Amino acid sequence: MAKKMYRVIFLGLAYILFVTCVAAQQVADSIISLDEVSIVAVKESRPVRQRPVSSTAFSMEQVSRSSVSSVKDFSASIPNFYQPDYGSQMTSSIYIRGLGARIDQPVMGLNVDGVPCMNKNNYDFDLFDVCRLEMLRGPQGTLYGRNTMCGVMNLFTLSPLFYTGTRLSADYSTGNTAKVKASTYHKLNDRLGFSIAANYNHTDGFFTNEYDGDKCDGSDAGSLRARLVWQPNRKWNVDNALTLGLLSQGGYAYARYDSTQKVLLPVCYNDVSSYDRFSLMDGLSIKRISDRFVFSSVTSYQYLDDEMNLDQDFTSENVFTLTQAQKEHAVTQDFVLKSKSNSFWQWQCGLWGFYKHIGMNAPVTFKRGGIETLILDNANAGIQKAFPNDHLDVSEQQFVINSDFDMPTYGTAVYHQSEFSFDKWLLTVGLRMDYESASMDYHNRADIHYYFSLLMDDYEPLCTSMDGKETNHFAEFLPKLSLQYNIDKSSNLYAYVAKGYKAGGFNTQIFSDILQNRMMNDMMDALGVHLDGMGETSYNSAKATTYDPEYSWNYEVGGHFSGFQSDLQTDVSIFYIDCRDQQLTVFPSGKNTGRMMTNAGKTRSFGGEATVTYAPNDWLLSVAYGYTNAKFVDYDNGLADFSGNYVPYSPSNTLSALAQYTFRLNSFVDKVVMKADGKALGNIYWDEANEYKQDLYFLLGAGLSLHHKKMELSLWGKNLSGEEYNTFYFRSMGNDFFQAGKPRQLGCSFKYEF
């Protein structure tokens, strides 16, 4: 499948180059300024800085100048936003204002041209031809619904009705990283346009696996996007975008921490670890504008086929491996009807529905080292207390715990928002009624042959299975109330209160632990022997397979200010979040192997955000800072009380700074752009006990761009000081593991537009 898909992408690139040669002269005079296009999301009635919300927006030029390739590159550039770069592109954990989770549903929604991305496994993709990015922080569930407990990110790509031309770019940087992008945009007439865009990325990787001496995080990725926009008249707009993506990569550069020597050992594991993904998303948007109303319909079909393979112990020993392969089909539908008038009352109503189905196969293979370490050692420790001269054994050199899951989910929602304008005041009231139903059919099985020296003469077969079904239903009301005072057309103050919510779900990765314990208990039951303490787990099988929803009440005050003829823009906000049943990813104590989502009792988070941008003449100066203080108020997991400790994985501080100057020349080079930038993140606590943390670290960058008409050559660098820092921590089999951040990167880029 991978080879076939790459052929499709390369054929797409060839087609783009062909069309470029044919159409270059025709479109040379039709290019328009992208800055002239004002973009407002379907569900919004005004530009982002005129709304009562903490927000950050990037133009196409800002995205290009930042040398970003994916959403996670905006960490710290957006205050209190952190998407760490670790594991693989499947790992799209997002943390905002102290809330977030490593697995399952994210706290931030992601919309591409108004189409919601339903699975966070698809959040990490290559950005290209993004003409605007908006990040709205704080609960956005009233309008956007699912997965928007802490915010929503809206990406807008170039439309062939607003831009015509062809764009080519190529990048090369450290790690033998090469990127090629090509896109072409055409208007067949004033009402019909189409575009085709493709990209291909390759990297050898940055981290060496000492077991075989090869890089473990190399990857190849490609995507193809086709878009058709039709405006038969001023009242109708039809927009369809089809995106295909293919990814094949290594990853998981996890290094074990030696707590005795207090050093991080080299990455060294013996089994293949990889991630492969094929994705398809087709979104159809239809808009009807009448004299009094605007009606919008957004329909999407999304398909995801991905597979993760892990050396689950991440050591050079033959312990155990995990494969997680899933296929997901999802359909979404959103109807929006809103008023068009400029009277004191503007409103919108919406009807939302979705259905998705995941079929997952997740076998765990126990090799001989895992059989002995994780099963026999635990069992024999209990047996030999009562029978010192006897032991339990398993004949297999390896066996598989097969786990199959069938997980359909569907939901519907009705929502409304009204805005009342009174002179300089704007009052916004919104309410969403949300319902979701999710179920999980699970089938787990393991077959082994075992021998107990006290009672048996030979090995005998044992089959352990675990089959069942869990069902969850979630119904929630999501209110929002905000008040805004408009100082003038470009400055305002606001305050709001809103409820945040994230649905519960299922723990698929804990079944291997549960089945291991059932196997040991089944062996003893078959022999008529019961030993206290053997085969016990900290998880109750019925409770461990599900986790509950997460709730929060959010309070915020802030403002957007402009001065010096809009050359100076300042955005500030302070917030307080009261969160109940926060969803946390936890790791078992001892030598258990799984991970699971659990609900903390109560947490609270407060902090602030400030962004200042000053752009006089040819200068661009900006600073963005976010502070979060997130702690447990009430969390006791039965083994320890973590009340008063910091919530793990979310940074307390994010800081981004940029200084850029443009030299305008009357020569072959039209202009030279020089920039220096920096980011800082930390402290990040890695566990509920706050035993480990990442201190505040700094990443310095710089860039130089030369421009000639429609050509641009850039030299850039990231982490120029070679800062050493960690992006991830977890615990498995009693061992601590970290992943280091990427080292110094140097690169060059070439762009051509015509």
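Predicted, not measured: the structure shown is a model, and the values here were computed from it.
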Regarding [X] and [Y], does a basic nitrogen lie under 4.0 Å from an acidic carboxylate oxygen?
X: R580; Y: E550; value: no
X: D124; Y: K72; value: yes
X: R432; Y: E476; value: no
X: E691; Y: R731; value: no
X: K327; Y: E307; value: no
X: D334; Y: K43; value: yes

How about [X] and [Y]: does a side-chain donor come under 3.5 Å of a side-chain acceptor?
X: Y95; Y: T628; value: no
X: Y355; Y: H329; value: no
X: T56; Y: R137; value: yes
X: D581; Y: Y547; value: no
X: H443; Y: D467; value: yes
X: Y252; Y: S88; value: yes
X: E609; Y: S573; value: yes
X: N111; Y: Y144; value: no

Point-to-point distance, once rounded to the nearest 0.5 Å, from [atom1] of [X] to [atom2] of [Y]:
X: L681; Y: S75; atom1: CG; atom2: OG; value: 6.5 Å
X: I94; Y: Q83; atom1: CD1; atom2: CD; value: 4.5 Å
X: I358; Y: M118; atom1: CD1; atom2: CE; value: 9.5 Å
X: S300; Y: L280; atom1: OG; atom2: CG; value: 10.5 Å
X: D634; Y: D636; atom1: CG; atom2: CG; value: 8.0 Å
X: S403; Y: I510; atom1: OG; atom2: CD1; value: 11.0 Å

Measuring only between side-chain heavy atoms, which start at C-beta, is [X] closer than 4.5 Å to [Y]?
X: F320; Y: V364; result: yes
X: M153; Y: E134; result: no
X: L247; Y: Y275; result: yes

Point to revise | Worked verdict on L304 versus Q326 for side-chain contact (heavy atoms from CB on, under 4.5 Å) | key: CA-CA 8 Å; L304 174 68; Q326 66 174 345; 4.1 Å; yes
Is a donor on one side and an acceptor on the other found under 3.5 Å between the side chain of [X] and the backbone of [Y]?
X: D217; Y: G251; result: no
X: T603; Y: K631; result: no
X: Q249; Y: Q89; result: yes
X: Y635; Y: N599; result: no
X: N507; Y: M597; result: yes
X: N645; Y: E688; result: yes
X: Y649; Y: Y729; result: yes
X: N119; Y: N122; result: no
X: T321; Y: N309; result: no
X: D311; Y: F314; result: yes

Of the non-hydrogen atoms in [X] and [Y], which two are nearest, and what is the gap between them?
X: V53; Y: Y494; result: C-OH, 3.5 Å
X: V71; Y: L127; result: N-CD1, 4.0 Å
X: F575; Y: S605; result: CE1-OG, 3.8 Å
X: T727; Y: A740; result: OG1-O, 4.1 Å
X: Q739; Y: F207; result: NE2-CE1, 4.2 Å
X: A610; Y: P79; result: O-CG, 4.4 Å

Review point. In terms of heavy-atom contacts, does CZ of R604 have more than 12 from other residues, nucleotides or ligands at under 6.0 Å?
Key: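 Atom CZ in R604 is crowded, with more than 12 foreign heavy atoms closer than 6.0 Å.
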Point to revise | Other residues, nucleotides, ligands: >12 heavy atoms within 6.0 Å of Y303 OH | key: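 More than 12 heavy atoms, drawn from other residues, nucleotides or ligands, come within 6.0 Å of this atom.
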**Study point:** Sequence-distant partners of Y269, side chain to side chain donor-acceptor pair (under 3.5 Å), two or more places apart
**Key:**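 Y269 satisfies side chain to side chain donor-acceptor pair (under 3.5 Å) with no other residue.
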Review point. So among Y254, F737, F738, which one has a side-chain contact (heavy atoms from CB on, under 4.5 Å) with F728?
Key: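 Exactly one candidate clears the test, Y254.
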Check your understanding: Would you call the rings of Y257 and Y692 parallel, tilted or perpendicular, where under 30° means parallel and over 60° means perpendicular?
Key ->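 Because their plane-to-plane angle is over 60°, the rings of Y257 and Y692 count as perpendicular.
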Practice item. Tell me whether the centres of the aromatic rings in Y442 and F506 are closer together than 6.0 Å. Key: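 Ring centres of F506 and Y442 not closer than 6.0 Å.
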Exercise for review: Evaluate the ring pair (Phe, Tyr, Trp, His ring centres under 6.0 Å) criterion for residues F74 and F58: first the C-alpha distance (whole Å), next the side-chain angles of each, then the deciding distance (0.1 Å), finally the verdict.
Suggested key: CA-CA 10 Å; F74 287 97; F58 292 89; 4.9 Å; yes
Check your understanding: Restricting to pairs with a member in residues 111-121, which pass salt bridge (charged side-chain N to carboxylate O under 4.0 Å, His left out), not counting sequence neighbours?
Key ->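 Non-adjacent pairs meeting salt bridge (charged side-chain N to carboxylate O under 4.0 Å, His left out): D113-R227.
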